[in-house]
Amino acid sequence: MAAMARSGLAKLCCSSALLVLCCFLLPGAIAEERFYEFVVSAVQETLVKRLCKSQKIITVNGQFPGPTIEVYNGDTLAIKAVNLAQYNVTLHWHGIRQLRNGWADGPEFVTQCPIRPGGSYTYRFTIQDQEGTLWWHAHSSWLRATVHGALIIHPRRGLPYPFPKPQAEFPVILAEWWRRDPIAVLRQSMITGAPPNVSDSLLINGQPGDFLPCSSQETSIIPVVAGETSLLRIINAAMNTELFVSLAGHRMTVVAADAMYTKPFETTVVLVGPGQTTDVLVTAHAAPGRYYLAARAYASAQGVPFDNTTATAIFQYKNAPGCPTTAGAGGAAVGPVGGRSARSSGHLGRAGPQPMLPFLPAFNDTNTATAFSNSIRSPAPVKVPGPVTQEVFTTVGFGLFNCRPGPFCQGPNNTRFGASMNNVSFQLPNTVSLLQAHYHHIPGVFTDDFPAFPPVFFDFTSQNVPRALWQPVKGTRLYRVRYGAVVQMVFQDTGIFAAEDHPMHIHGYHFYVLATGFGNFDPRRDAAKFNLVDPPSRNTIGVPVGGWAVVRFVADNPGVWLVHCHIDAHLTGGLAMALLVEDGESQLEATVPPPLDLPICVL
């Protein structure tokens with residue numbers, strides 16, 4: 001209906017007398033350019049107290065979580081990142097396609113060299129036919145533990161949501177907290193070769209909630225009005241933990257995932273992996289009171305330590321009996337505020353009845369995780385690209401590097417922990433970014449021979465994989481893709497060290513998830529399971545523990561695009577690769593020239 005209305009307006013524009021009027025009526029004609037300044041620092045104002053301990057953290061503009069960006073589909077953004085911290089930094093706009101403009105994507109040494117301390121860089125990009133909940137985060141070392149925030153894209157001005165407009169909207173940002181500097185946690189792991197220490201607490205909107213020490217006075221409050229519907233924009237910004245989320249006394253209706261609308265379905269539990277977002281509608285139809293919104297780990301790897309805390313926020317009815325009067329959510333949002341969109345805030349008072357607890361699945365409840373993921377579908381039939389012209393079958397999993405026993409060899413069985421795709425443990429360059437090396441034809445930085453298939457086929461998900469297959473090979477190997485190719489990628493988990501659900505993210509692309517399953521992928525058997533009618537479109541897909549996922553997309557975005565597990569302990573271990581998508585034949589099918597202020601590399 002909206003498309004027909006826009007078509008009618010376009011016809012009216014054929015009349016010169018109505019041309020000016022049409023410029024105001026057409027949604028795309030009133031897109032705006034928006035400017036922001038993000039100051040990354042650890043100034044005294046960012047001394048925060050969590051779990052009874054005060055510590056300095058790296059933040060953007062002194063906020064944790066960071067500023068919420070709210071824009072409209074079609075807007076152009078210019079975000080100046082100023083680095084006043086002691087570490088190198090880059091920023092990534094997770095899920096933004098960045099068409100032909102990899103220079104704004106952000107992963108360190110993939111599309112740019114880092115912004116050095118004291119330096120700055122302006123990320124410039126346009127939102128092109130995307131709307132929904134995305135997020136931004138640091139993409140350098142482990143800075144994203146505290147450098148992250150919501151990126152909300154509203155429909156073009158004048159266009160509605162494809163569901164009844166909610167009366168209020170709230171980002172729900174899930175994260176992890178360490179009692180130490182996360183960079184120190186990573187450095188210890190890189191020195192010793194052991195996996196990084198797990199976090200000390202989960203967070204909802206920057207707070208652990210009522211069940212952690214010294215935390216209940218700051219528990220985040222989501223104020224709601226009886227009878228009204230709220231849109232909760234759930235973002236998993238956690239470093240290493242997939243999460244179950246549930247709200248006591250209420251059902252949630254899923255309407256979008258990864259900024260792509262879905263066929264609505266009701267649920268009591270949401271599963272969201274690191275990097276993923278899920279939008280849910282909740283109507284405040286319960287008895288007025290206080291209800292916990294809780295998050296707990298989905299830990300699929302057997303015998304692997306994980307953060308087993310439960311984070312809580314409070315879904316609080318305004319003017320409910322025994323509850324303090326609340327005027328609205330506190331906190332600041334960057335950009336336009338649609339409806340009553342704001343970050344939920346603590347500091348609204350702790351008086352009132354004890355909130356009701358929701359049911360949360362067991363931490364290893366793979367059946368619930370699978371049922372939720374399989375419920376996500378596109379809202380209508382889609383045209384799945386085909387036939388496939390390039391196919392990649394890649395293992396995703398752990399590995400162990402042999403080393404001489406000692407202080408630098410403290411991984412399992414006197415090894416160094418690692419990870420790989422198709423037995424290649426990805427290594428970033430450190431003098432120039434991959435995109436710059438490709439664009440400027442700089443030799444010796446990478447090779448384009450990433451294997452399209454595993455070097456050895458074996459029983460990938462066996463719990464007894466021969467030890468001879470446990471050690472990967474380090475390399476900076478890219479996979480070359482022709483512009484316009486229909487690419488199908490099969491992600492296959494392995495049982496090396498431990499099978500685990502891996503949230504795989506492809507930069508620069510959304511893709512259709514055709515199927516997921518358990519065991520070893522068999523193309524002759526499993527192709528019959530492909531959903532070629534209404535598969536979901538995602539930017540991050542959870543590869544099931546001991547299983548596989550098949551995704552498909554058209555390579556219409558030239559550049560170098562990172563493909564990686566969004567569990568950072570796995571990414572830093574080497575669970576990544578990159579696609580080198582060639583330019584097409586025309587100028588509009590080629591990577592744009594680099595901006596003049598692109599950070600200088602140390603050659």
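Considering CD of Glu242 and CG of Asn236, their distance stands at 8.0 Å, rounded to 0.5 Å. Distance CG/Asn197 to CZ/Arg179: 12.5 Å, rounded to 0.5 Å. From Gln217, atom CD reaches atom NZ of Lys49 across 11.5 Å, with rounding to the nearest 0.5 Å. Distance CE/Met356 to OH/Tyr291: 5.0 Å, rounded to 0.5 Å. One finds the CG atom of Leu174 at 8.5 Å from the CD1 atom of Ile235 (value rounded to the nearest 0.5 Å). Interatomic distance, Leu232 CG to Ile222 CD1, rounded to the nearest 0.5 Å: 5.5 Å.
Side-chain contact between His94 and Thr540 is present, with heavy atoms from C-beta onward closer than 4.5 Å. The shortest distance between side-chain heavy atoms of Gln492 and Thr461 falls below 4.5 Å. With contacts defined as side-chain heavy-atom distances shorter than 4.5 Å, the pair Ser537/Tyr512 qualifies. Side-chain contact check for Tyr292 versus Ile314: some heavy-atom pair is nearer than 4.5 Å. Between Thr310 and Leu360 the shortest side-chain heavy-atom distance falls below 4.5 Å. Taking the side chain as every heavy atom from C-beta outward, Trp548 and Asp493 never approach each other to under 4.5 Å. No side-chain heavy atom of Met504 sits less than 4.5 Å from a side-chain heavy atom of Val551. Residues Ser373 and Leu271 meet the side-chain proximity criterion, which asks for heavy atoms closer than 4.5 Å.
Take Ser189 and apply the side-chain contact (heavy atoms from CB on, under 4.5 Å) test, not counting sequence neighbours, and it matches Pro196.
Each of Arg467, Gln471, Arg416 was evaluated against Asn402; a single residue qualifies, Gln471, per the side chain to side chain donor-acceptor pair (under 3.5 Å) test.
Closest approach of Pro67 and Asn61 over heavy atoms only: CG-ND2, 3.8 Å.
Looking at Asn205, its side chain does come within 3.5 Å of a backbone N or O of Ile173 through a donor-acceptor pair. A donor-acceptor contact shorter than 3.5 Å is absent between the side chain of Asp258 and the backbone of Gln276. Remark: the backbone N or O of Pro535 is paired with a side-chain donor or acceptor of Ser378 at under 3.5 angstrom. Side chain of Gln410 to backbone of Pro407: a donor-acceptor contact under 3.5 angstrom is found. Panel note: side chain Ser246, backbone Phe359; a donor-acceptor pair is recorded below 3.5 Å. Under a 3.5 Å cut-off, the side chain of Asn422 and the backbone N or O of Val424 do not form any donor-acceptor pair. Side chain of Thr277 to backbone of Leu134: no donor-acceptor contact under 3.5 angstrom is found. Checking side-chain atoms of Arg50 against main-chain N and O of Gly206 turns up a donor-acceptor pair under 3.5 Å. Checking side-chain atoms of Ser300 against main-chain N and O of Pro544 turns up no donor-acceptor pair under 3.5 Å.
Within 6.0 Å of atom CZ in Arg251, more than 12 heavy atoms from other residues, nucleotides or ligands are found, so the atom counts as buried in its surroundings. Shown here is Glu266, whose CD atom has more than 12 heavy atoms of other residues, nucleotides or ligands within 6.0 Å. Dense packing is recorded around CD of Gln427, with more than 12 heavy atoms of other residues, nucleotides or ligands lying under 6.0 Å away.
Ring planes of Phe417 and Phe398: tilted class, angle from 30 to 60°. His564 and His139 have perpendicular rings, their planes meeting at more than 60° on a 0 to 90° scale where under 30° would count as parallel. Between His505 and His507, the two ring planes are tilted [angle within 30° to 60°]. Note: Trp470 and Phe497 have perpendicular aromatic rings, judged against thresholds of 30 and 60 degrees for the angle between ring planes.
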Stepwise side-chain contact (heavy atoms from CB on, under 4.5 Å) check, Phe363 with Asn308: CA-CA 8 Å; Phe363 68 86; Asn308 64 356; over 6 Å; no
Verdict with reasoning, Phe372 to Phe265, per ring pair (Phe, Tyr, Trp, His ring centres under 6.0 Å): CA-CA 10 Å; Phe372 177 83; Phe265 67 94; 5.7 Å; yes
Working for side-chain hydrogen bond (donor to acceptor under 3.5 Å, both in side chains), residues Thr241 and Glu176: CA-CA 8 Å; Thr241 308; Glu176 290 175 273; 2.9 Å; yes
Test side-chain contact (heavy atoms from CB on, under 4.5 Å) applied to Arg144 and His92, step by step: CA-CA 10 Å; Arg144 82 168 179 87; His92 170 54; over 6 Å; no
Criterion ring pair (Phe, Tyr, Trp, His ring centres under 6.0 Å) on His250 and Phe315, from CA distance to verdict: CA-CA 10 Å; His250 299 75; Phe315 198 72; 5.1 Å; yes
Test log, rule side-chain contact (heavy atoms from CB on, under 4.5 Å), inputs Val465 and Phe460: CA-CA 7 Å; Val465 177; Phe460 298 114; over 6 Å; no
Intermediate values then yes/no, side-chain contact (heavy atoms from CB on, under 4.5 Å), Phe408 and Cys403: CA-CA 8 Å; Phe408 307 114; Cys403 54; over 6 Å; no
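When only modelled atom types and interatomic distance are considered, Thr133 and Asp279 share a side-chain donor-acceptor pair under 3.5 Å. Thr219 and Asp210 share a donor-acceptor pair across their side chains, judged by distance under 3.5 Å alone. Judged by distance alone, the side chains of Glu108 and Ser140 do bring a donor and an acceptor atom under 3.5 Å apart. Using a 3.5 Å distance cut-off with no hydrogens or angles, the side chains of Asp307 and Thr309 do pair a donor with an acceptor.
Contacts classified as ring-ring contact (aromatic ring centres under 6.0 Å, His included) and involving residues 172-204 (residues at least two apart or in different chains) are given here: Phe64-Trp177, Trp142-Trp178.
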